[in-house]
**Q** 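Below you will find the structure I want to go over with you.
Being a predicted model, the structure only gives us computed values, none of them experimental. Below, read A as the first sequence line, B as the second, and so on, with proteins coming before strands; counting in each chain starts at 1.
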Amino acid sequence: DVKVTQSSRYLVKRTGEKVFLECVQDMDHENMFWYRQDPGLGLRLIYFSYDVKMKEKGDIPEGYSVSREKKERFSLILESASTNQTSMYLCASLRVSYGYTFGSGTRLTVV
Amino acid sequence: QKEVEQDPGPLSVPEGAIVSLNCTYSNSAFQYFMWYRQYSRKGPELLMYTYSSGNKEDGRFTAQVDKSSKYISLFIRDSQPSDSATYLCAMTIGSGNTGKLIFGQGTTLQVKP
């Protein structure tokens, strides 16, 4: 089975800090995604990547950037964390003809 | 108007009941439809995947797509307490699974013993 691992389950950061959320998949998939999940709003796409060093903006990219230096690793960066970025962050890897496999999520609190 | 609408619930049913979960959508270009199940403090896991209109059955789960009405459903027969979770519908325009997914906001289901 595909495994998508997010490095932290819970994070607490201060306003203005630079935050790195790491995601690693173990099946050599080309496509990886970052979503955030908020009550009443569901999952919203932040950024996605179809290949190494390639990235595309999703629906809510403002305040975020990403890095894909290696195929297995897709990092989400909050350049200057703000309280409205408190959320559950979910990384997903695409398994063709099967669907997305999600990590367990990182619950980020910005204080 | 959101592209995908899903009643957030919560929905509470007794064990053994038939559960019906639904989503409506506005974009007629959607072709691939999925249902994900998300347990508390976990990431979503794919439950059902269908292409175009029709029904698909997998054990106690049946996914139904009506493209003419822009309406999809997930039925759970003989519901169990272990089915208690949030159920998310998702859909995509792209061929296969290359397109980004658009999600409903999820319906929280509780099955009481």
**Q** Relative to chain B, which segment of A/Leu43 carries a heavy atom at a distance below 4.5 Å: side chain, backbone, both, or neither?
**A**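 Backbone plus side chain of A/Leu43, per the 4.5 Å heavy-atom cut-off to chain B.
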**Q** Looking only at heavy atoms and a cut-off of under 4.5 Å, which of B/Ala90, B/Pro44, B/Pro8, B/Gly104 has the most pairs with chain A?
**A**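 Of B/Ala90, B/Pro44, B/Pro8, B/Gly104, B/Pro44 has the most heavy-atom pairs under 4.5 Å with chain A.
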**Q** A/Arg9 versus chain B, heavy atoms under 4.5 Å apart: side chain, backbone, both or neither?
**A**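 The answer is the side chain of A/Arg9.
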**Q** Identify the heavy atoms of A/Leu90 and B/Gly43 that sit nearest to each other, and give their distance.
**A**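 That would be CD2-CA, 3.9 Å.
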**Q** Around B/Lys2, counting heavy atoms of other residues, nucleotides and ligands shown, do more than 12 lie under 6.0 Å from its NZ?
**A**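 Yes, the 6.0 Å shell around NZ holds more than 12 heavy atoms from other groups.
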**Q** Can you tell me which portion of A/Tyr89 sits under 4.5 Å from chain B's heavy atoms? Options are side chain, backbone, both or neither.
**A**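 Neither part, no heavy atoms under 4.5 Å.
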**Q** Quick check: is A/Leu21 connected to A/Phe48 through a chain of hydrophobic side chains (ILVMFWY, heavy atoms under 4.5 Å apart)?
**A**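 Per the 4.5 Å side-chain linkage, A/Phe48 and A/Leu21 are not co-clustered.
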**Q** Within this structure, what is the CG-CG distance for the pair B/Leu101 and A/Leu45, rounded to the nearest 0.5 Å?
**A**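 Taking CG in B/Leu101 and CG in A/Leu45, the distance rounds to 9.0 Å.
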**Q** Is it possible for you to say whether A/Val19 and A/Met88 belong to one hydrophobic cluster, with membership spreading through side-chain heavy-atom contacts below 4.5 Å?
**A**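 Unlinked, A/Val19 and A/Met88 end up in two clusters.
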**Q** Check whether B/Val65 and B/Phe75 end up in the same hydrophobic cluster, where Ile, Leu, Val, Met, Phe, Trp and Tyr are linked by side-chain heavy atoms less than 4.5 Å apart.
**A**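 They do not share one cluster, since no chain of ILVMFWY contacts under 4.5 Å joins B/Val65 to B/Phe75.
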**Q** Examine B/Leu11 and B/Tyr87 and state if one hydrophobic cluster contains both, with Ile, Leu, Val, Met, Phe, Trp and Tyr joined whenever side-chain heavy atoms are less than 4.5 Å apart.
**A**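 Per the 4.5 Å side-chain linkage, B/Leu11 and B/Tyr87 are co-clustered.
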**Q** Are more than 12 heavy atoms, taken from residues, nucleotides or ligands other than B/Lys42, located less than 6.0 Å from that residue's NZ atom?
**A**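 Result for NZ/B/Lys42: open.
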**Q** I'd like to know whether A/Phe102 forms a side-chain contact (heavy atoms from CB on, under 4.5 Å) with B/Leu46, so could you lay out the CA-CA distance, the side-chain angles of the two residues, the decisive distance to 0.1 Å, and finally the verdict.
**A** CA-CA 9 Å; A/Phe102 284 89; B/Leu46 183 66; over 6 Å; no
**Q** Considering only heavy atoms, which portion of B/Gln38 lies under 4.5 Å from any heavy atom of chain A: side chain, backbone, both, or neither?
**A**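 Contact with chain A: side chain only.
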**Q** Between A/Gly40, A/Gly103, A/Cys91, which shows the greatest number of heavy-atom pairs under 4.5 Å with chain B?
**A**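 Top count of heavy-atom pairs under 4.5 Å with chain B: A/Gly40.
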**Q** Is the distance from the ring center of A/Tyr100 to that of B/Tyr36 below 6.0 Å?
**A**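 Not close enough - the centres of the two rings lie 6.0 Å or further apart.
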**Q** Could you look at A/Gln37 and say if it's the side chain, the backbone, both or neither that has a heavy atom under 4.5 Å from chain B?
**A**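 The answer is the side chain of A/Gln37.
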**Q** Report the distance from atom CD of B/Gln105 to atom CG of A/Asp38, rounding to the nearest 0.5 Å.
**A**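 With rounding to 0.5 Å, CD (B/Gln105) is 11.5 Å from CG (A/Asp38).
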**Q** Check for me, please, whether A/Tyr50 and A/Tyr35 land in the same ILVMFWY cluster - side-chain distances under 4.5 Å, paths through other members count.
**A**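 Linked within one cluster.
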